[in-house]
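For reference, the structure discussed in these notes is given below.
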Amino acid sequence: MIVFLCTACSNDGGTEKDPSDQFHVDILFSTSGLGDSGYNDAILYGIQQASMKHGFKVNFHQPKTMEAGWECYRAWLNEPDDAVKKLFIFASNDYEKQLRANHPSTKENRDILFFESDSPIENVGSFRLNMYGASYYIGKLAKSIVPTAATLMANPYDTPITESEEGFRAGFCSESEPDNYDVFCLTDDKHKGYNMPDSAYRITYKIAQTHSFVWPLAGGSNIGVFQYTREYLPTLFTAGMDVDMSGLSFGIVCSLLKRMDLVLDDYLSRWMKGERITDHMVYGLDTDYIQIKISDIYLEYFEGLSELTTGLKEEAIEKEKQYENK
């Protein structure tokens, strides 16, 4: 397991005790998380920024196996009780089943935050980023510039990406026949497929023979998609995922931004003020936590693209609400 420590100090300049001695945060990444140039690296950046802003000590954990990751959490539970306020963050939903089967206690000075939970977890603060609306937006945007599209998924099971696929499909196929659209998966194993860039590259080649746009939903494997679009431009268009990736390939028309820095800043500032956060939140396109950035070059390249997006966000938000309420 890779473990590293980061500390930050308050900039108040006063004589109070260094907050890093009062607040400790442990964050557990997925086994193949860090280094994906996307979601996990955005989380890493976000918590580093929060640590510098608010002043707390943070331990980062990236286990080699899920079993090792769960043991990391159990070791945290068994740490001696003291006056230090502690928070454990699950930065992926890999451990949701285990956490639900082992309900955390409500120990004083011990709190848990869980990312991408489908529903509330007892005694745990949790949230989910609803990607349906943003995906619908990009699907409809893609349809305005290409006749055919495909989605490349890590696997067909994980809720965040299946939800995103459904949104993209609804947007792209809203005014066309479904036979212009296909779905490909890297693996049939749940929670896997996120660290297979070579396989993603090969499937992207296959997609490019019959499709004009690929919607990448494969985490770190997306690197293979971007590599292909960079090497064989302009045969295939795509979109950046999680962060602004327009610099990786001229084939990236837009990027879907997950502002994990804003999510973490909100939660950690509330936690450090003494709030016990045990509610479950769903954040969609109607919040600042999900944004869409069209690559500058395409605003110039495709005439009328800017006009097309007028009103599209509102339409996508309404579609997202309908999806949530169905």
Side-chain angles (χ1 to χ4, degrees), residues 37-39 42 129-154 158-176 178 180-184 200 204 207-208 211-219 221-222 225-226 228-229 234 236-259 283-302 304-324:
S37 300
Y39 181 71
L129 297 180
N130 185 345
M131 308 308 298
Y132 186 92
S135 302
Y136 177 93
Y137 181 114
I138 295 176
K140 198 155 188 179
L141 186 69
K143 184 57 184 176
S144 71
I145 60 176
V146 297
T148 57
T151 292
L152 177 59
M153 304 174 68
D158 288 342
T159 298
I161 60 174
T162 57
E163 182 177 78
S164 184
E165 186 279 322
E166 290 180 30
F168 182 86
R169 179 199 298 262
F172 189 83
C173 299
S174 60
E175 300 174 3
S176 66
N180 291 331
Y181 174 79
D182 290 295
V183 177
F184 298 81
T204 302
I207 291 172
H211 299 78
S212 306
F213 189 100
V214 58
W215 178 230
L217 301 176
S221 299
N222 289 342
V225 177
F226 304 138
Y228 180 89
T229 61
L236 189 68
F237 297 106
T238 188
M241 187 62 64
D242 304 328
V243 298
D244 182 4
M245 294 185 170
S246 57
L248 293 181
S249 167
F250 284 119
I252 294 177
V253 178
C254 61
S255 294
L256 191 162
L257 313 182
K258 299 177 183 177
R259 295 299 306 273
Y283 302 119
L285 189 58
D286 58 344
T287 70
D288 292 334
Y289 300 147
I290 298 178
Q291 302 171 9
I292 297 170
K293 184 180 186 302
I294 299 176
S295 302
D296 293 339
I297 189 172
Y298 284 99
L299 287 173
E300 302 173 7
Y301 186 77
F302 290 106
L305 193 60
S306 180
E307 289 76 9
L308 172 73
T309 60
T310 302
L312 183 52
K313 182 176 180 179
E314 290 71 21
E315 177 185 341
I317 289 173
E318 182 59 32
K319 294 292 185 180
E320 186 171 78
K321 290 179 180 177
Q322 294 174 8
Y323 179 81
E324 281 289 300

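Just so you know, residue 1 is the first one in the sequence shown, and it goes up from there. None of these values were measured; they are calculated from a predicted model.
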What residues, two or more places apart in sequence or in another chain, satisfy side chain to side chain contact (heavy atoms under 4.5 Å, CB included) together with [X]?
| X | answer |
| --- | --- |
| Phe184 | Ala150, Leu152, Asp182, Ile203, Lys206, Ile207, His211 |
| Glu166 | Tyr132, Tyr323, Lys326 |
| Glu324 | Arg128, Asn130, Glu163, Val282 |

For the atom pair [atom1] ([X]) and [atom2] ([Y]), what is the distance rounded to the nearest 0.5 Å?
| X | Y | atom1 | atom2 | answer |
| --- | --- | --- | --- | --- |
| Lys143 | Phe172 | NZ | CZ | 4.5 Å |
| Ile138 | Phe213 | CD1 | CZ | 7.0 Å |
| Gln322 | Ile317 | CD | CD1 | 12.5 Å |
| Thr151 | Trp215 | OG1 | CH2 | 8.0 Å |
| Glu165 | Leu217 | CD | CG | 7.5 Å |
| Ile292 | Leu312 | CD1 | CG | 7.5 Å |

Test side-chain contact (heavy atoms from CB on, under 4.5 Å) applied to Leu257 and Asp242, step by step: CA-CA 5 Å; Leu257 313 182; Asp242 304 328; over 6 Å; no
Those residues that, when tested against Tyr136, pass ring-ring contact (aromatic ring centres under 6.0 Å, His included) (two or more places apart): none
Which residues share a ring-ring contact (aromatic ring centres under 6.0 Å, His included) with Tyr137, sequence neighbours left out: none
Nearest non-hydrogen partners of [X] and [Y], listed with the distance:
| X | Y | result |
| --- | --- | --- |
| Pro147 | Asn180 | O-CB, 3.5 Å |
| Ser135 | Ser164 | OG-OG, 2.6 Å |
| Ile252 | Ser246 | CG2-CA, 4.2 Å |
| Leu256 | Ala134 | CD1-CB, 3.5 Å |
| Asn222 | Ala218 | OD1-N, 3.1 Å |
| Val253 | Tyr298 | CA-CD1, 3.6 Å |

Can a donor-acceptor pair be found, under 3.5 Å and without considering hydrogens, that links the side chain of [X] to the backbone of [Y]?
| X | Y | value |
| --- | --- | --- |
| Thr287 | Tyr283 | no |
| Ser255 | Met241 | no |
| Ser249 | Gly251 | yes |

Face-on cation placement of Lys258 at Tyr289 ring, 6.0 Å and 45° thresholds: no
pair Thr204-Leu236: side-chain heavy atoms closer than 4.5 Å: yes
Validation row: Met153, Thr162 side chains within 4.5 angstrom (heavy atoms): yes
Side-chain ion pair, Glu315 and Lys319, N-O less than 4.0 Å: no
Test item: side-chain donor near acceptor, Thr238 and Thr229, under 3.5 Å: no
Residues which pass side-chain hydrogen bond (donor to acceptor under 3.5 Å, both in side chains) with Thr309, listed by chain and number, not counting sequence neighbours: none
